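Okay, so here's the structure we're looking at.
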Amino acid sequence: MKYRIDIERYSPEKKSYIESFYYETDSETETVANALAFLNAKSNLKNADGQDAEPIGWECGCMQKKCGACAMVVNGRPALACDSRLSRCGKVIRLSPLKKFPVVRDLIVDRSVMFENLKTIKLYFEDNADFGEETAGIAYEASRCLQCGCCLEVCPNFIAGGTFTGMASAVPVTRLFAELPAEKIKELSKLYNKHIFEGCGKSLACRNICPAKIDIEKMLVNSNAAAVWKRVFRHQEGVKKWKNQDLK
Amino acid sequence: MNKINIAGAGLAGLSAAISIAEAGFSCNLISLQPSERAQSVLAEGGINAALNTMGEGDTPEEHFQDTMKGGAFLADPNAVEGLAYTAPEIIEKLLTIGTPFQMDGKGVVLRNFGGQKKKRTVYAKSSTGKVIMTALIDEGRKYESSGRITRYPHHQVLEILSEDRICRGLKILDTYTDEVQYLSGPVIIACGGLNGFFPEFTTGTVANTGDLAAELFSEGVEFANLEFIQYHPTTVAIPGKRMLISEAARGEGGRLFIERSGKKWYFMEELYPELGNLMPRDVISREMTRVLARDDCEGPVCLDMTGISKKTWEKKLSDLREEIREYLSIDPAKEPVSVYPGIHFFMGGIRVDEGHKTSMENLFAAGECACQYHGANRLGGNSMLGAIYGGRIAAQSAMKLEHENYEEKTSYHISAEEKQDFYVSPKSAAELKGILADSLGIIRNGDDLNKGIERIDNLLKDNNLTAMEKKRILLGKAMILSALAREESRGAHFREDYPEADEAYRKTTVSRMGDGIEIYFRDIPERRESHEIQN
Ligand SMILES: Cc1cc2nc3c(=O)[nH]c(=O)nc-3n(C[C@H](O)[C@H](O)[C@H](O)COP(=O)(O)OP(=O)(O)OC[C@H]3O[C@@H](n4cnc5c(N)ncnc54)[C@H](O)[C@@H]3O)c2cc1C
Ligand code: SF4
Ligand code: SF4
Ligand code: FES
């Protein structure tokens with residue numbers, strides 16, 4: 001099968017342009033990442049018009065969906081290049097950089113804002129964590145976030161630099177809620193409410209995007225329960241089992 | 001004192017940074033990519049510590065013994081003692097920062113891993129590295145917020161600055177803006193293994209190029225035990241790399257077999273009744289190569305996981321099953337998976353002593369880029385431990401240095417010519433890989449190694465090589481020369497022309513760039529009587 005890959009490219013010198021490349025393979029399992037690596041390995045890369053082309057800027061690491069480096073927009077949908085099988089993408093494939101972040105070069109974007117956001121919501125333990133068998137499962141799931149940014153790309157409410165920090169911080173913060181001693185939850189809840197709960201429209205447009213297949217809804221339900229509803233639930237008779245119900 | 005500079009933000013770099021910050025010092029944490037992208041997140045099976053929560057009476061001394069034996073007695077016993085005896089405390093520390101290890105009502109659960117008779121491996125399904133990294137990244141963030149850790153993500157360390165063989169700092173390039181900057185102060189190298197010397201052939205990340213190691217080698221920094229490369233017996237080829245099937249699969253009951261005269265032959269169980277499928281990795285990889293070469297056997301070797309219980313799949317290996325389904329379209333609970341050994345870990349690297357000091361003053365190294373702890377072969381679960389512990393020890397050594405102040409030079413925009421010096425073309429990387437893979441296979445011999453040297457020397461004749469390409473080829477040559485000099489078989493290094501271990505070679509292989517590449521052997525320290533962990 002011969003694929004045409006149209007890439008939205010950018011460099012400070014050439015600004016934005018679209019350049020197409022051909023890539024041929026019969027493999028069912030090769031991905032966009034394999035195609036990009038192959039093209040860049042050529043000593044004189046030619047575009048689809050046969051003209052000389054510069055190597056394509058993209059970030060990569062594990063080639064196994066585990067590091068989040070290669071996130072980009074594939075045919076209009078944010079995805080990991082190493083998780084995008086060519087055989088499922090159609091004969092003409094459009095690649096563009098994630099739009100929520102400043103472009104550095106071609107498909108490389110500067111995702112620094114994601115890491116800054118994690119500082120804003122104070123994603124760390126001031127003192128020790130406190131957890132057991134029951135909460136380790138939730139903490140495990142929350143720990144798996146790749147910081148790839150795919151969820152932010154589809155979120156209608158996330159803007160880089162805005163107050164709302166999006167699902168890429170809501171997911172990892174669930175680990176803190178699962179592991180913080182009860183008396184320490186208050187301060188985190190304030191930050192959570194301000195930066196996550198109040199900004200999130202709960203449309204769950206981000207739900208099926210996560211390449212790590214994290215159960216985003218479950219994470220939200222848990223954090224909301226701890227941060228937003230906890231006090232209410234604690235003071236009401238008969239609903240003391242809130243935790244168990246919400247953890248299901 | 002200047003800040004301590006840490007090159008690399010995987011387990012070793014993060015551990016060093018946190019240790020420094022906890023002690024009230026400050027550091028710069030420089031990495032090509034954010035920590036979330038470091039190879040450490042790929043680690044699957046687990047991390048070793050003699051916690052004895054399984055009632056098997058495990059002790060740190062046994063962990064020490066197993067590690068020394070696994071490494072064919074080539075590791076520094078005093079360093080390994082520190083590692084094994086500190087391991088339980090490291091796990092405790094990881095728990096206090098919220099690493100969600102697998103637990104039951106009684107506490108942390110341990111699993112079996114190769115080369116160890118007792119359950120000693122702490123884990124979180126098959127994503128142990130990822131969850132440890134998440135916890136350490138978050139812990140580091142606390143100190144980023146207080147200013148003790150300053151991150152330089154998307155920065156490439158180009159070279160170290162040295163004066164009269166004393167390390168004075170680093171030269172780094174912002175890969176987003178092309179600005180070059182100098183950071184002065186002591187340096188801890190934590191840049192990971194030499195995966196980039198074997199692109200597509202390893203289970204690791206392509207982002208660990210090995211370029212910084214090559215740079216240091218050409219600066220005259222000593223390397224050690226470069227001939228010891230671990231082939232993991234159970235990997236599968238997927239486009240662009242080799243995918244690991246974690247040792248946990250065998251720890252939980254996976255069995256290797258090959259078809260012999262039309263029947264499944266579980267060769268490891270027959271050849272090694274005691275440890276069977278959990279023999280150290282070098283032994284299994286070699287046996288696989290041997291059974292594949294037999295006339296009465298028909299490959300491939302398969303990993304049979306069909307006997308693993310439903311509960312174990314669900315509770316302990318769900319992500320592994322998902323991964324195999326996804327990449328190979330096979331359900332491992334129902335069908336065996338064909339496997340082949342792949343390059344997985346580099347035991348050798350920058351030569352460091354017990355305190356993680358390199359041969360250059362003010363320069364330290366930890367993690368997979370350094371030679372410490374694993375000797376001639378590493379036990380599964382010991383390298384994450386070695387990276388975390390080593391990072392900590394390197395930090396302690398660096399913090400002991402006298403206060404010194406060096407001048408910071410001003411930054412500049414890198415020129416096209418200078419950038420070219422650090423460029424490595426995919427073609428050059430592939431050529432070097434071809435030679436190294438041919439000479440440094442699972443079973444080696446003098447002829448192949450000599451041929452490798454010849455081919456390397458031919459590569460070096462090319463006048464169009466960039467400076468970095470040349471440096472990489474020289475480090476590659478040192479790997480082959482080390483294998484040639486070791487005329488015996490030990491651990492991961494097997495020479496069919498010298499199939500036995502020879503006590504005379506129970507020494508560290510050192511390689512160094514002088515006028516040419518020099519190889520010599522260095523005595524291994526005796527274990528101290530005091531059992532005191534020093535550094
Ligand atoms: C698939 C797989 C499974 C594994 N499973 C296990 C396991 O179950 N148990 C176990 O104990 N071990 C396991 N290992 C091994 C273990 O994960 C590694 O040895 C360990 O994590 C290495 O950590 P590190 O900090 O030394 O390096 P890395 O995590 O590789 O980090 C290297 C860092 O250096 C940076 N860097 C590199 N070059 C430069 C440069 N020039 N400039 C700036 N920064 C640079 C990188 O960006 C990165 O931040 C596994 C390895 C793999 C590949
Ligand atoms: S639920 Fe909607 S608003 Fe909330 S993070 Fe997801 S996409 Fe954004
Ligand atoms: S939640 Fe999922 S999509 Fe969002 S950053 Fe984490 S891994 Fe990526
Ligand atoms: S390269 Fe790591 S997720 Fe794609």
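Fair warning: this is a prediction, and the values are worked out from it, not measured in the lab. Quick note on labels: first sequence line is chain A, next is B, and so on, each numbered from 1.
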Any donor and acceptor pair, going by atom type alone, linking the side chain of [X] with main-chain N or O of [Y] inside 3.5 Å?
X         : Y         : result
Arg175(A) : Gly98(B)  : yes
Arg144(A) : Val131(B) : no
Lys241(B) : Cys62(A)  : yes

Pick whichever of [options] has the most heavy-atom pairs under 4.5 Å with chain A.
options                                    : value
Ala207(B), Ser127(B), Gly240(B), Ser329(B) : Ser127(B)
Thr205(B), Asp138(B), Thr175(B)            : Asp138(B)
Glu144(B), Glu139(B), Lys125(B)            : Lys125(B)
Ala429(B), Gly204(B), Ala124(B)            : Ala124(B)
Asp104(B), Val41(B), Val109(B)             : Asp104(B)

Around [X], counting heavy atoms of other residues, nucleotides and ligands shown, do more than 12 lie under 6.0 Å from its [atom1]?
X         : atom1 : result
Glu133(A) : CD    : yes
Lys433(B) : NZ    : yes
Lys99(A)  : NZ    : yes
Phe422(B) : CZ    : yes
Glu28(A)  : CD    : no
Lys42(A)  : NZ    : no

With a strict 4.5 Å heavy-atom criterion, list every residue of residues 117-126 of chain A that contacts chain B, or say none.
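Under the 4.5 Å heavy-atom cut-off, Leu118(A), Lys119(A), Leu123(A), Tyr124(A), Phe125(A), Glu126(A) qualify.
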
Contacting region of [X] [heavy-atom separation from chain A under 4.5 Å]:
X         : value
Ser425(B) : neither
Glu36(B)  : both
Asn195(B) : neither
Pro199(B) : neither
Ala135(B) : both
Tyr327(B) : both
Thr99(B)  : backbone
Ile238(B) : side chain

Give me the atom names and distance for the closest heavy-atom approach of Cys60(A) to Val206(B).
SG-CG2, 3.4 Å

Can you tell me which portion of [X] sits under 4.5 Å from chain B's heavy atoms? Options are side chain, backbone, both or neither.
X         : value
Asn34(A)  : side chain
Ser112(A) : side chain
Val109(A) : backbone
Ala37(A)  : neither

Taking NZ, NE, NH1 and NH2 as the nitrogens, is one of them in Glu326(B) or Lys65(A) under 4.0 Å from a carboxylate oxygen of the other?
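A salt bridge is present here (some side-chain N lies under 4.0 Å from a carboxylate O).
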
Salt bridge check, Lys66(A) against Glu44(B): does any charged N sit closer than 4.0 Å to a carboxylate O?
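Salt bridge: yes.
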
With rounding to the nearest 0.5 angstrom, report the [atom1] to [atom2] distance, [X] to [Y].
X        : Y         : atom1 : atom2 : answer
Ile97(B) : Asp127(A) : CD1   : CG    : 13.5 Å
Cys67(A) : Gln33(B)  : SG    : CD    : 6.0 Å
Leu95(B) : Asp130(A) : CG    : CG    : 11.5 Å
Met63(A) : Leu42(B)  : CE    : CG    : 12.5 Å

Would you say [X] and [Y] make side-chain contact, with heavy atoms under 4.5 Å?
X         : Y         : answer
Glu179(A) : Pro100(B) : yes
Met103(B) : Phe131(A) : yes
Arg37(B)  : Glu59(A)  : yes
Pro153(B) : Phe115(A) : no

